[in-house]
Enquirer: 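Let me give you the structure first, and then I'll get to my questions.
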Amino acid sequence: MDPVRFIDKEHEDFYLSMLHKSGRQDAYHRAFFYTAGIAGETRRHIYDLFDFADRCIKPEGLEQPWQTGSTSRLCRLAFNLWNGWTEDGNERLSSPYELFDCTYAPYFFEAIRLRYPEYCRSHQRTHHQRLAGPYR
């Protein structure tokens, strides 16, 4: 897998420390902590978003007063990558149309790559593939 792209050093440090704290390195934990670590606000409030004792997400963290439009998008994606979570009655808020409408979008793609590494491997295209299709 290609190196992970972080928004800043704090993001990377948070990601590594949360993986260590959780004791897990699977795709679920990697994607969740990567996504939750994108913004400083969500890093500071990780205990509102994740229960380390029970190893589960805390969707009620979306109702916290520190949430902004961007951090709520970030949290919705993190929760969805964890277990497919969407808010009952507000499923549309977890759609790509809603989620990716913020400055964190480039990092959201990285989170998806971490969650689904088996589908996001780099593949070299053959000469035949480059010539085929409508975009020659």
Side-chain angles (χ1 to χ4, degrees):
M1 183 185 287
D2 294 333
V4 179
R5 176 182 172 197
F6 294 95
I7 198 166
D8 55 26
K9 180 72 171 135
E10 290 80 14
H11 182 202
E12 182 177 13
D13 292 345
F14 172 86
Y15 172 74
L16 295 172
S17 70
M18 292 298 107
L19 290 178
H20 178 74
K21 180 175 179 59
S22 71
R24 302 291 173 105
Q25 297 279 328
D26 59 57
Y28 302 94
H29 287 80
R30 290 169 50 92
F32 179 82
F33 289 121
Y34 176 88
T35 308
I38 292 171
E41 199 67 22
T42 49
R43 289 192 296 263
R44 285 187 291 281
H45 294 280
I46 191 62
Y47 295 99
D48 290 342
L49 305 173
F50 193 80
D51 183 326
F52 285 88
D54 292 335
R55 292 189 175 145
C56 63
I57 59 171
K58 296 169 67 174
E60 61 272 16
L62 284 169
E63 300 168 14
Q64 296 297 314
W66 55 265
Q67 289 280 7
T68 65
S70 293
T71 62
S72 66
R73 285 178 177 93
L74 188 152
C75 292
R76 287 177 191 285
L77 179 63
F79 295 157
N80 188 272
L81 291 173
W82 179 260
N83 66 0
W85 181 90
T86 58
E87 185 177 5
D88 288 338
N90 283 320
E91 293 84 357
R92 70 174 178 77
L93 296 176
S94 294
S95 73
Y97 181 81
E98 294 291 335
L99 289 176
F100 285 74
D101 188 20
C102 72
T103 60
Y104 298 135
Y107 302 96
F108 289 177
F109 289 107
E110 188 75 7
I112 292 167
R113 188 175 72 88
L114 287 168
R115 175 59 182 86
Y116 300 103
E118 65 275 20
Y119 303 116
C120 298
R121 291 188 181 103
S122 297
H123 295 285
Q124 286 190 330
R125 293 167 40 167
T126 65
H127 179 69
H128 174 73
Q129 288 172 320
R130 283 193 299 265
L131 295 177
Y135 302 107
R136 294 181 198 164

Enquirer: Please tell me if the side chains of F33 and I46 come closer than 4.5 Å, counting only heavy atoms from C-beta onward.
Expert: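 F33 vs I46: side chains touch.
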Enquirer: Are V4 and W82 co-members of a hydrophobic cluster defined by side-chain heavy atoms under 4.5 Å apart?
Expert: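 They do share one cluster, since a chain of ILVMFWY contacts under 4.5 Å joins W82 to V4.
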Enquirer: Less than 3.5 Å apart, any donor N or O on the side chain of D8 or H11 sitting next to an acceptor on the other?
Expert: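 No, because no side-chain N or O of D8 sits under 3.5 Å from a partner of the opposite role on H11.
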Enquirer: How far apart are the closest heavy atoms of N80 and T86, and which atoms are they?
Expert: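 That closest heavy-atom pairing would be ND2-CG2, 3.7 Å.
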Enquirer: Do the non-hydrogen side-chain atoms of R43 and E10 ever get within less than 4.5 Å of each other?
Expert: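 Sidechains of E10 and R43: in contact.
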Enquirer: Salt bridge (charged side-chain N to carboxylate O under 4.0 Å, His left out) between R30 and D26: does it pass, once the steps are laid out?
Expert: CA-CA 6 Å; R30 290 169 50 92; D26 59 57; over 6 Å; no
Enquirer: Where do T71 and A39 come nearest, in terms of heavy atoms and distance?
Expert: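 Heavy atoms of T71 and A39 come nearest at CG2-CB, 4.3 Å.
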Enquirer: Please report the closest heavy-atom contact between W85 and L62, naming both atoms and the distance.
Expert: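 What the structure gives for the nearest pair is CH2-CD1, 3.4 Å.
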Enquirer: OG/S72 to CD/Q64 distance, rounded to the nearest 0.5 angstrom?
Expert: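 Nearest 0.5 Å value for the OG-CD distance: 13.0 Å.
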Enquirer: Can the ring centroids of F109 and F100 be said to lie less than 6.0 angstrom from one another?
Expert: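 Yes.
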Enquirer: Measuring only between side-chain heavy atoms, which start at C-beta, is F6 closer than 4.5 Å to Y34?
Expert: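 A side-chain contact exists here, since the closest heavy-atom pair is under 4.5 Å.
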Enquirer: Within the 4.5 Å heavy-atom criterion, are F108 and I38 side-chain neighbours or not?
Expert: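 A side-chain contact exists here, since the closest heavy-atom pair is under 4.5 Å.
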Enquirer: State, yes or no, whether a side-chain contact exists between I57 and L49 at a heavy-atom distance under 4.5 Å.
Expert: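 Side chain of I57 against side chain of L49, heavy atoms only: no contact under 4.5 Å found.
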Enquirer: Can L114 be reached from I7 by stepping across I, L, V, M, F, W or Y side chains whose heavy atoms are under 4.5 Å apart?
Expert: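 The answer is yes; both residues are in one hydrophobic cluster.
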Enquirer: Roughly how far apart are Y116 OH and L81 CG, rounded to 0.5 Å?
Expert: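 Between atom OH of Y116 and atom CG of L81 there are 6.0 Å.
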Enquirer: For E98 versus R92, what's the shortest heavy-atom pair and its separation?
Expert: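 Heavy-atom minimum between the residues: CG-O, 3.1 Å.
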Enquirer: Any idea which heavy atoms bring P3 and E110 closest together, and the distance?
Expert: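 Taking P3 first and E110 second, the nearest heavy atoms are O-OE2, 3.7 Å.
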Enquirer: Charged N to carboxylate O below 4.0 Å: is that the case for E87 and R76?
Expert: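 Result for this pair is yes, salt bridge flagged.
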Enquirer: Tell me whether K58 forms a cation-pi arrangement with F50, defined as NZ or CZ under 6.0 Å from the six-membered ring centre and within 45 degrees of its axis.
Expert: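 That pair does not qualify as a cation-pi contact.
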Enquirer: Taking the side chain as every heavy atom from C-beta outward, state whether R115 and C120 have any pair of such atoms under 4.5 Å apart.
Expert: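 No; the side chains remain at least 4.5 Å from each other.
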Enquirer: Hey, what do you get for CG (L99) to OG (S70), rounding to the nearest 0.5 Å?
Expert: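 OG of S70 is found 11.5 Å from CG of L99.
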Enquirer: Would you say M18 and F14 make side-chain contact, with heavy atoms under 4.5 Å?
Expert: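 A side-chain contact exists here, since the closest heavy-atom pair is under 4.5 Å.
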Enquirer: Is the backbone N or O of G23 less than 3.5 Å from a side-chain atom of Q25, with the two atoms forming a donor-acceptor pair by type?
Expert: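 No; judged by distance alone, with no hydrogens or angles, the pair does not exist.
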Enquirer: Are any non-hydrogen side-chain atoms of R113 and Y119 less than 4.5 angstrom apart?
Expert: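 The answer is no, as the side chains (C-beta and beyond) never meet within the 4.5 Å cut-off.
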Enquirer: Distance check, rounded to the nearest 0.5 Å: C56 atom SG versus N83 atom CG?
Expert: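 Those atoms lie 9.5 Å apart.
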Enquirer: List the atom of A31, the atom of A111, and the distance in Å for their closest heavy-atom pair.
Expert: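 Taking every non-hydrogen atom into account, CB-O, 3.7 Å.
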Enquirer: Between W66 and T42, does the side chain to side chain contact (heavy atoms under 4.5 Å, CB included) criterion hold? Intermediate values first, please.
Expert: CA-CA 9 Å; W66 55 265; T42 49; 3.8 Å; yes
Enquirer: Distance-only, no hydrogens or angles: does the Q67 side chain make a donor-acceptor pair with backbone N or O of G61 under 3.5 Å?
Expert: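 Side chain of Q67 to backbone of G61: a pair is present.
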Enquirer: Report yes or no: is the cationic atom of R73 (NZ for Lys, CZ for Arg) under 6.0 Å from the centre of the six-membered ring of Y104, at an angle within 45° of the ring normal?
Expert: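 Cation-pi check for R73 and Y104: fails.
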Enquirer: Between R55 and D51, does any side-chain N to carboxylate O distance fall below 4.0 Å?
Expert: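 No.
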Enquirer: Holding to salt bridge (charged side-chain N to carboxylate O under 4.0 Å, His left out), I want the full list of residues that pass it with E41, two or more places apart in sequence or in another chain.
Expert: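 If we apply the salt bridge (charged side-chain N to carboxylate O under 4.0 Å, His left out) test to E41, skipping adjacent residues, the hits are R44.
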